[in-house]
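One structure is given below, encoded as structure tokens.
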Amino acid sequence: MTTSLSRRSLLKAGAAAGTAIGAVTAPPALSYAGAPAILKPLPPDWFTDFGTNAETRWESVDPKRFLTDQARLFVRNHTVTPTIDRDTWRLRVFGTGLSEPRAEGDALSLSYADLRRLPVTRLTASHECTGNGRSFFASQQGTPASGTAWKLGAVGGVTWEGVRLAEVLDRLGLSADAVSIQAAGLDPEYSTGGVNYGRVRRPFPVGKALDDALLAWGMNGEPLLPDHGFPVRLVLPGWVGIASIKWLGSLEVATTELTSPWNTKWYRMTGGSYPTDSPALTVNPVRSAWELGWGETIARRDEVELTGRSWSGAAAVDRVDVSVDGGSTWAPARPYRSGHRQAWTQWRYVWKRPALGQQVLMARATDATGRTQPLVTPFNDNGYFFDAVVRHPVTVV
Ligand SMILES: Nc1nc2c(c(=O)[nH]1)N[C@H]1C(S)=C(S)[C@@H](COP(=O)(O)O)O[C@H]1N2
Ligand SMILES: [Mo]
């Protein structure tokens with residue numbers, strides 16, 4: 001097979017060579033029996049273990065490293081990490097939105113090798129769970145929300161490697177009337193409260209697909225770890241983590257709006273003062289974290305150098321202000337590493353002559369679109385998008 005595939009020749013080339021591209025119905029080989037929910041090691045000094053989820057500890061984040069190693073990145077699984085064989089894995093693509101519409105049982109099929117023949121794109125971005133910071137609805141605002149009690153460690157900064165979804169759709173043939181794409185994972189079906197909701201799946205607009213969506217096979221120069229979506233996951237940069245479906249098994253491309261419980265029941269604002277028809281969540285808000293443990297003890301010196309990071313799903317971070325007196329006075333932190341449009345910004349602040357005892361540190365970022373962090377985040381039932389300035393306790397001794 002040739003390595004330079006012209007527009008829409010992927011399908012024809014695959015068919016001509018008798019390779020994997022064509023109609024298939026058989027699912028790829030999978031195994032999960034008896035496996036733990038997360039396969040990578042979770043050393044307690046790096047992670048808080050929530051069972052199917054694991055949170056990165058901010059005190060373990062090295063200020064000298066801009067990117068988050070896969071070994072240290074948070075994991076959020078609805079069920080368990082599946083073990084998938086890359087050689088038999090296939091991505092199935094079907095739906096009314098293809099220029100030659102296809103039923104699910106007659107889906108196009110792309111192998112890993114097919115994807116690797118396409119142009120490679122690398123993109124550095126923050127990667128974050130919608131519920132990052134959720135525990136602060138309870139501890140800071142007195143209104144507990146349901147879901148994993150993350151502090152601020154359900155986030156990382158990574159360089160994805162993959163192919164632009166736009167390239168793939170261009171070759172497969174996208175109808176001008178296509179509006180919606182539903183990505184579905186190959187992990188086990190998700191049941192909760194006695195209801196089986198089926199495969200983890202979520203639709204997104206064709207506009208995002210053509211803008212910057214990736215089918216990613218790599219992170220920070222390595223193949224994806226099983227826990228992070230091996231062999232291939234969808235990445236929707238800047239959007240809520242749930243949009244980046246791991247262990248991608250299928251894409252349905254449609255001329256009508258697709259829905260799933262992951263954009264109608266979950267991952268939209270419900271409860272509080274939100275209207276009943278609030279839209280599905282998309283772009284992540286602005287957040288900030290100190291590279292410190294919760295309640296960390298700090299040895300008193302004349303000058304204590306503190307570091308942290310801020311990020312936004314919409315744009316680069318423009319400025320970061322910090323308070324070391326619980327919000328009475330604010331001063332600018334000094335950004336020292338950023339320059340990646342959708343990635344986080346590292347900053348430092350020299351705390352001069354801190355008083356002994358318990359203190360509250362606060363950091364508030366503003367992004368290039370002018371979005372900033374409020375002091376209070378309006379409540380929602382599932383504790384999404386806690387973007388208020390977090391009151392971080394430390395003790396100076
Ligand atoms: N197939 C599948 N994709 C998924 C999930 C999942 O459980 N199954 N979890 C989602 C959620 S809620 C988040 S925050 C991110 C987490 O990605 P990570 O575990 O690689 O950090 O994956 C998303 N994609
Ligand atoms: Mo998430």
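Position 1 is the first residue of the sequence, and the numbers go up from there. When a ligand or atom number is given, it counts from 1 through the structure's own listing order.
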[X] vs [Y] aromatic rings, parallel, tilted or perpendicular, using cut-offs 30° and 60°?
X      : Y      : value
Trp217 : Tyr112 : perpendicular
Trp347 : Trp290 : perpendicular
Phe386 : Phe136 : tilted
Trp294 : His392 : tilted

Listing, residues 237-244 side-chain donor-acceptor contacts under 3.5 Å, not counting sequence neighbours, or none:
from, atom 1, to, atom 2, distance (Å)
Ser244, OG, Leu236, N, 3.1

Checklist entry - Would Arg202 count as a cation-pi partner of Trp262, with NZ or CZ less than 6.0 Å from the six-membered ring centre and within 45° of the ring normal? => result no

Counting only non-hydrogen atoms and a 4.0 Å cut-off, the residues near ligand 1 are Phe74, Val75, Arg76, Asn77, His78, His127, Cys129, Gly185, Asp187, Val200, Asp227, His228, Arg233, Gly241, Ile242, Ser244, Ile245, Lys246, Trp247, Tyr267

